[in-house]
Structures are given as C-alpha cells and as structure tokens.
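These notes concern the structure reproduced below.
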Amino acid sequence: MLAEIGQFALIVGLVLAFAQTTLTGYGVKTGNEILKGMGNRAALGQFVFVLFAFFVLTALYVLSDFSVLNVAQNSHTTKPLIYKITGVWGNHEGSMLLWVLILATFGFFLARSKKLPAALRDRAVAIQGLIGFSFLAFLIFTSNPFIRIFPSPIDGQGLNPILQDIGLAIHPPFLYLGYVGLSTAFSLAAAGLLMGKINREWATAVRPWVLSAWAFLTVGIGLGSWWAYHELGWGGWWFWDPVENASFMPWLFATALFHSLRVVEKREALKSWTALLAILAFSFSLIGTFLVRSGILTSVHAFAVDPTRGGFLLILLAIAIGGALLLYGLRAPLLKPKDTFGPVSREGGLLFNNVFFVSACLTVFLGTFYPLFMDAMGGNKISVGAPYFNSTFVPIMIPALLLMPLVVRMSWKKANFITVIKDMRYAGGSALVLGAIVGFFYWPDSFLALLGIVLGGWIAFGTLSDFISKVRSKSAKTNTLEKFKRMPKAALGMTIAHLGAAILVISITSVSFWQEENIGLMEIGDTLEAGDLQVTLEAIDLGAEENFQYLRGQFTIYENGEVVTPISAERRIYNVRRMETTEAGIYSTLSGDYYLTLGGQGDAEQLAVHFFKNPLVPWLWGGGLMLVLGALITLVGGRKKAGVGA
C-alpha cells in the first residue's frame with residue numbers, strides 16, 4: 001500500500017505542476033491576482049507531494065520492501081542503513097525522483113521570493129511549473145520508482161558496490177542542486193525576455209540564484225572528483241569521462257553567466273548576451289541529463305538503458321531549448337544597451353573571458369558528443385580521451401586565466417592598458433620568480449609545467465595586489481582595518497574565489513607533471529621504488545565483513561630511507577553481486593598524497609601493487625572549497641531587494 005501512496009503523491013504533484021503553470025500564466029495574462037496566488041500555492045503543493053513521494057521511496061528502502069522493483073534491484077537486507085538510504089538515488093528512477101524534488105523545491109522558493117519583482121516572479125513561476133510538469137511526466141510514464149513485482153524476492157540484488165561509499169551520500173544531491181538550480185536562471189531569463197526587461201534590476205534579481213546554483217554545482221563536481229579519486233583506485237582526479245563532462249559544461253556556462261550578470265547590473269551592457277547565457281546554462285544541464293539518462297552511455301554514472309526514456313528526453317530537450325531560443329530570437333533584438341564601452345575596460349575584459357569560457361565548453365561538447373554522433377550514424381566506434389581535451393581545452397583556458405587579474409584592475413567603460421600593466425608589474429615579477437624557483441628545484445620535461453606554475457602565481461599575486469590596493473589606507477583619517485571592514489562582500493568573495501582558482505591551477509599542474517608512480521608484483525618483504533620513495537609489503541590478510549570479503553595488503557612507505565607511514569589497501573568481493581572493487585590506501589600530507597592500490601592480479605602469496613606520489617592533490621580540494629567560500633560570502637553580503645524598473 002505504501003508504494004501506491006507514493007505513486008498517488010507523484011500524480012497529484014503532476015496535476016499541481018500543471019495548475020502552477022496554467023493558473024499563474026492565465027493570471028499574468030488577465031491581471032487576476034487571485035489566479036496568480038493560486039498558482040503560487042500550487043507550487044507549494046507540488047513541492048509537498050513530491051517531497052512526500054521521496055520520503056515514501058526512502059521508507060521502502062529502509063524497510064527492504066522487495067515487492068517494489070526499484071528496491072529489489074538496488075537494495076539488500078544485509079546492506080548498512082546508510083547505503084539503503086543512499087541507494088534511493090543510486091539508480092535511474094530514484095535519482096530522477098530526487099531531480100524532480102529539487103526542481104519542485106526551487107519552484108517553491110521562487111514562488112515564495114519577496115525580493116523578486118512580482119511581475120518577473122509570476123512569469124518565472126509559470127515557466128518553472130512547466131519544467132516541473134515535463135519532468136514529472138517523464139518520471140511517472142517512463143521511470144516510475146513505485147512499480148510492483150510478483151512474486152517478490154526474499155532478498156534484493158544490492159546496490160552497485162562501487163556506489164556504496166559515503167561520497168555517494170552527498171555528491172549527487174549537491175550536483176542536482178547545481179544542475180536544477182540553473183532552471184531558475186532559465187525561467188527568469190525567459191520571463192525577462194517576455195517582459196522585454198533585461199536590465200539592471202533583472203540582473204540584480206537573477207544573480208543570487210545563479211551564484212547559489214554555481215556554488216552547489218562546484219561542490220557536486222568537487223565531491224564527484226574526490227569520490228572517484230578515493231573509490232575507483234586509478235590514481236587520478238579527473239578522467240574526462242562523458243558524464244564528468246556533462247556536469248562540467250553547465251559549470252562553464254554558469255561561470256560565464258554570473259560574470260556577465262555583473263556587467264548588466266553595473267552598466268546595463270551585454271543584455272542579450274547574458275540572457276542567452278542563462279538559457280544555455282540550463283540547456284546544457286538538460287543535455288547532461290539526456291547524456292546520463294538516455295542509455296547512450298555505459299558508465300558507472302549512467303543509469304538508463306531503455307531507449308523509450310531517451311526518446312522522451314529528446315523531445316523534452318527539443319521543446320525546452322528550441323522554445324527558449326525561439327523566444328530569444330524574437331526578443332533579443334529589442335534589448336538595446338544603455339551605454340557603450342571600449343575593448344580595454346572591465347566590460348570588455350569580462351566579455352573576452354566569457355568568450356573563452358564558452359569556447360572551452362564547446363570543445364568539451366564536441367569531444368563528448370562526436371563519438372556518440374559517429375556511432376549513431378553507423379560509423380566506426382571511436383574514442384576521444386584526455387589527449388584531445390588537454391590539447392584543445394587547456395590552450396583556450398590559458399588566455400582566460402591570464403586575463404583574470406587584469407580585468408579586476410580595469411575601470412568600467414574605458415581603461416588605460418599601460419596603467420593596468422604598470423599596476424600589475426610586481427605581481428608579474430613575483431609569478432616569474434616563483435616559476436624560476438620551482439624550475440630550479442623541479443625542472444620538468446614540459447615547458448607547460450612551468451607555464452602552469454607561473455600562471456597560478458600570476459593569478460594569486462595579481463589577486464592579492466588588487467586586494468591590497470583596495471584596503472591600503474592613503475589617508476590619516478582611515479586605517480587599513482577600517483577599509484577592510486567597509487570592503488564590499490562581493491569584492492572579498494571574488495578575492496577568495498580567485499585565490500582558490502590560483503591554487504587549483506598550481507595543484508593541477510603539479511599532479512599532472514610531477515606525479516611519481518610504479519607498478520609491480522610483490523611478495524611479503526619485497527620493496528617497490530618510485531623516485532625517492534620505497535614501498536615495502538609487510539603482510540597480506542584475508543578476511544570478511546558483513547557483506548563483502550577482502551584481500552588486504554599492509555605496507556610501509558619510506559622516503560630517502562626514512563619511514564613516512566604504514567598504509568593498507570584492499571580488494572573487496574561483495575557477496576550479493578560478486579563484484580570486485582578497489583579500496584585505495586591514501587596518506588595525505590601538505591605536500592601531496594601517497595596513494596596505493598592493489599591490481600586485479602593477486603592472491604594470498606603475491607599482490608599486484610600500483611603506487612603513486614601525487615603532489616599537492618589535497619590543495620586541489622582546498623582550492624575548490626575556496627571557490628565555494630567566495631561564492632557564499634558574495635551571496636551573504638550581496639543580498640538586497642531587487643526590483644525591475646518601470
């Protein structure tokens with residue numbers, strides 16, 4: 001009976017989503033405030049019923065009700081409670097229910113927002129309801145999580161073992177908050193285009209929604225990278241997997257979008273370009289959804305295998321993206337900038353950066369979808385991997401990163417390039433000195449390694465130089481501390497985020513060019529060397545836990561003959577699915593990670609061992625956290641009532 005109640009709640013949510021769209025839309029058209037209010041209440045109702053359905057599915061997992069097909073396929077009685085709960089979204093149907101829940105949540109907050117102008121909010125709520133209705137229909141008719149099976153099995157099949165990790169408990173929800181959060185930018189952009197009012201007040205209203213979605217998406221991507229690094233045992237943090245790219249592409253668009261919104265907010269320029277970015281940011285989220293849910297990929301992240309779902313999603317994509325772009329084509333020519341600006345200006349610099357980010361995203365899109373397109377056309381199966389992405393994405397991003405410190409020192413409308421360069425001479429000199437020091441001690445085989453270090457130093461020193469210029473007191477009436485306290489939170493958030501970007505560039509460069517590794521078969525007492533490092537196998541253990549058996553190696557790591565740390569790594573075989581997984585041994589320090597895994601070959605006498613020294617990897621996660629912290633400071637400090645001018 002519980003599953004049928006959950007199914008009924010989803011159907012009621014579908015009806016309320018339709019009511020949200022039609023009542024609010026007709027209320028806007030006729031000026032009927034009662035209908036608008038009813039539409040806003042329908043948004044609340046949709047959220048409540050979808051949330052209830054999600055709780056019902058979670059209860060079915062906790063109770064191990066294997067008469068429900070979704071539970072039987074993805075849970076087991078012996079599975080720990082935490083993984084019974086996370087198993088709710090560790091599959092296609094459950095993850096789509098989570099997607100729809102987050103979509104309804106954003107629709108509810110959009111309807112309740114008092115900071116948005118009423119005219120803009122009502123139109124956006126109607127559009128958000130239409131998106132919710134479409135995805136609820138997809139969920140109910142093609143991906144129903146409450147389908148019964150008879151006879152029901154005594155035990156389920158269990159969740160995919162590599163998804164039984166704490167990273168799965170938090171990675172997908174944050175990722176979906178970012179994906180789906182961009183729907184608000186899409187709805188507000190479409191609403192602004194319908195009104196013909198993409199202006200300063202509109203940008204002020206939209207920017208917090210975009211920045212919060214970007215922060216969630218950053219956390220989701222970072223957690224996904226951290227999970228893959230710890231769980232998959234391949235020693236890397238990014239693989240250019242198509243599903244990784246599916247989340248990275250909307251992140252690039254969102255990054256360009258919230259910088260472009262600043263130009264609209266400050267100067268009322270780039271209005272049509274910014275509206276287009278808002279549409280494309282969520283459009284690429286939808287494209288990512290299609291990539292994962294259509295069945296065209298085989299991946300640990302990709303759930304769907306039914307082509308019916310892919311066809312349904314393709315229709316949704318065509319209607320949503322096509323309709324939004326048609327609206328943009330009709331309305332964008334009416335959006336005239338209030339003022340002009342020179343190419344050397346804050347606006348010009350941000351526009352150039354936007355172009356670089358969008359171009360980088362399109363190279364990722366091409367590398368991700370070209371193999372799928374060739375396969376669909378009946379051509380040869382091809383694979384596009386890291387060499388393509390590194391040789392196309394990286395060169396485009398280098399000038400974008402070079403511009404970062406320069407743009408923040410440029411004045412609005414028109415700047416003197418020579419003056420900006422003079423202001424940044426100490427930052428540039430410091431970056432070159434940093435590169436020389438690193439090159440002296442760690443001369444690489446590739447010039448790109450030193451370029452990456454210099455580029456990271458340039459961003460860091462340039463950002464600090466701008467920060468010092470803002471807080472340095474030139475008057476006896478104010479001191480530096482007072483100027484810091486009066487500093488706009490947006491400027492402080494930007495400083496922290498840009499420093500995080502600098503740390504990311506340096507850590508990515510270090511692990512890419514200075515990673516040390518070795519692989520070999522080891523018996524007890526054997527030593528494996530990698531540069532100045534030595535790894536000795538001390539013992540081999542066989543054992544079992546509640547739902548898996550393990551083969552564990554106990555090691556000691558030495559550096560220049562000195563003991564660094566004992567460390568262990570495992571291979572596990574899960575009892576239900578008989579799948580084998582790798583549990584890496586990782587010892588983190590400020591200088592990097594010692595990373596050790598057991599290969600597929602190995603037994604109680606001999607182990608296949610793969611050992612890495614990954615320099616500065618912990619700083620990579622720290623840089624990502626600084627990006628998020630900068631966004632949060634900007635959000636908290638930048639909240640103010642927004643209104644659209646008459």
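When a residue number appears, it is its place in the shown sequence, counting from 1. Computed from a prediction, not measured in an experiment: that's the story for all the values here.
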Is there a donor-acceptor contact under 3.5 Å linking the side chains of T24 and D122?
-> no
Above 12 or not: heavy atoms from other molecules or residues under 6.0 Å from CG of L81?
-> yes
Within 6.0 Å of CZ in R112, more than 12 heavy atoms from elsewhere = no
Crowded around F239 CZ? As in, over 12 foreign heavy atoms under 6.0 Å?
-> no
Could you tell me which non-hydrogen atom of A275 sits nearest to which non-hydrogen atom of L193, and how far apart they are?
-> CB-CD2, 4.3 Å
Under 6.0 Å between ring centres, would you say that holds for F365 and F253?
-> no
Evaluation steps, side-chain contact (heavy atoms from CB on, under 4.5 Å), between T363 and F389 = CA-CA 8 Å; T363 66; F389 293 105; 5.9 Å; no
Give, for atom CG of N70 and atom CG of N91, the distance between the pair rounded to the nearest 0.5 Å.
-> 4.0 Å
So, F393 versus W240, ring centres under 6.0 angstrom or not?
-> yes
Decide yes or no on side-chain contact (heavy atoms from CB on, under 4.5 Å) for L97 and L10, but give the supporting numbers first.
-> CA-CA 9 Å; L97 178 55; L10 283 182; 3.7 Å; yes
Check for a donor-acceptor pair, side chain of S187 on one end and backbone N or O of S183 on the other, with a separation under 3.5 Å.
-> yes
Should we say atom CZ of F109 is surrounded by more than 12 heavy atoms from elsewhere, each under 6.0 Å from it?
-> no
Does a side chain donor of either T581 or R572 reach within less than 3.5 Å of an acceptor in the other side chain?
-> no
List the steps, then state whether side-chain contact (heavy atoms from CB on, under 4.5 Å) holds for L60 with F146.
-> CA-CA 9 Å; L60 292 170; F146 297 109; 3.9 Å; yes
Are more than 12 heavy atoms from other residues, nucleotides or ligands located less than 6.0 Å from atom OH of Y388?
-> yes
Could you tell me whether F258 atom CZ has more than 12 heavy atoms of other residues or ligands within 6.0 Å of it?
-> yes
If you count the non-hydrogen atoms of other residues, nucleotides and ligands that lie under 6.0 Å from CE in M38, is the total more than 12?
-> no
Test of ring centre spacing under 6.0 Å for F138 and W99 = no
